Amino acid sequence: MARVLEAPDGHDFYEVVYAFVRRVPPGKVVTYGQVAEMVEEMRLTARQVGVAMRYAPPDVPWQRVVGAGGYLPIAKRSPEAMQRQLALLRAEGVPFHPDDPYRVDMAKAQWFPGPSLFEPAEETR
DNA sequence: AGATTGACTGCAT
DNA sequence: CATGCAGCCAATC
């Protein structure tokens, strides 16, 4: 049976991940792997970020975290959640590939943080 | 303490 | 291009 991981208490890496994701501006996205790298000192893996997103508080824009290459890996686990994410992203104006409506155009939509995770976003070229 | 699971990823087939 | 699988780390049992 698939066990459900308990929601984190809130004093671990989850909070750091949430703080980072909250900085992703509307219309932009980051990848699970990217977030893991940003919090590199904590030795996170993309999977852990996924778990963190699953239990993300309401104020965290979880939909702005996508899979590598702009795909939505959540599709395998939960097609419904994928549809919701898709709708939210489109509503924000996130660009998708013209020939693949299920794939985010990372070249245009990927967001990169400033030098510090807590610094305001810097201009993305 | 060992096995299992999970909003992942990259390489192999 | 589609599947499969091992590696990744923390939480659970």
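Quick note on labels: first sequence line is chain A, next is B, and so on, each numbered from 1. From a predicted model like this one, the values you see are computed outputs, not experimental measurements.
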Going by atom type alone, with no hydrogens or angles, which donor-acceptor pairs under 3.5 Å involve a side-chain atom of residues 67-86 of chain A and a protein atom two or more places apart or on another chain?
{"from": "A/Tyr71", "atom 1": "OH", "to": "A/Arg103", "atom 2": "NH1", "distance (Å)": "3.3"}
{"from": "A/Ser78", "atom 1": "OG", "to": "A/Ala81", "atom 2": "N", "distance (Å)": "3.2"}
{"from": "A/Gln85", "atom 1": "NE2", "to": "A/Gln63", "atom 2": "O", "distance (Å)": "2.9"}
{"from": "A/Gln85", "atom 1": "NE2", "to": "A/Val65", "atom 2": "O", "distance (Å)": "3.1"}

Could you tell me how far apart [X] ([atom1]) and [N] ([atom2]) are, to the nearest whole angstrom?
{"X": "A/Leu86", "N": "B/dA7", "atom1": "CG", "atom2": "P", "answer": "18 Å"}
{"X": "A/Tyr102", "N": "C/dC1", "atom1": "OH", "atom2": "C1'", "answer": "18 Å"}
{"X": "A/Tyr71", "N": "B/dA7", "atom1": "OH", "atom2": "C1'", "answer": "18 Å"}
{"X": "A/Gln34", "N": "B/dG10", "atom1": "CD", "atom2": "C1'", "answer": "17 Å"}
{"X": "A/Arg54", "N": "B/dA7", "atom1": "CZ", "atom2": "C1'", "answer": "8 Å"}
{"X": "A/Tyr32", "N": "B/dG6", "atom1": "OH", "atom2": "C1'", "answer": "11 Å"}
{"X": "A/Leu44", "N": "B/dG6", "atom1": "CG", "atom2": "P", "answer": "19 Å"}
{"X": "A/Lys76", "N": "B/dG6", "atom1": "NZ", "atom2": "P", "answer": "14 Å"}

After noting the C-alpha distance and the side-chain angles of A/Thr31 and A/Met106, does the key distance pass the side chain to side chain contact (heavy atoms under 4.5 Å, CB included) rule? CA-CA 9 Å; A/Thr31 68; A/Met106 296 307 277; 3.4 Å; yes
Which nucleotide wins on minimum distance to the side chain of [X], given the candidates [options]?
{"X": "A/Trp62", "options": "B/dA7, B/dG10, C/dC9", "result": "B/dA7"}
{"X": "A/Phe13", "options": "B/dT9, B/dG6, C/dA11", "result": "C/dA11"}
{"X": "A/Ala46", "options": "C/dC9, C/dA10, B/dT9", "result": "B/dT9"}
{"X": "A/Ala81", "options": "B/dG6, B/dA7, C/dA11", "result": "B/dA7"}

With rounding to the closest Å, how many angstrom separate the P atoms on B/dA3 and C/dA6?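 These two P atoms come out 15 Å apart once rounded.
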B/dT4 and C/dC5: how far apart are their P atoms, nearest whole angstrom?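 Here B/dT4 and C/dC5 have their P atoms 16 Å from each other.
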Does A/Arg43 place a side-chain N or O at less than 4.0 Å from the phosphate oxygens OP1/OP2 of C/dC9?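 Answer is no, no contact under 4.0 Å.
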Taking side chain as C-beta onward, heavy atoms only, is A/Trp62 less than 4.5 Å from A/Leu88?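 The answer is yes; the side chains approach within 4.5 Å.
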Does the pair A/Glu92 and A/Lys28 meet the rule for a salt bridge (Lys or Arg N to Asp or Glu O under 4.0 Å), with working shown? CA-CA 8 Å; A/Glu92 294 183 359; A/Lys28 291 290 184 178; over 6 Å; no
Between the side chain of A/Gln34 and the main-chain N/O of A/Trp111, is any donor-acceptor distance below 3.5 Å?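 Indeed, once roles are kept as given, a pair shorter than 3.5 Å links the two residues.
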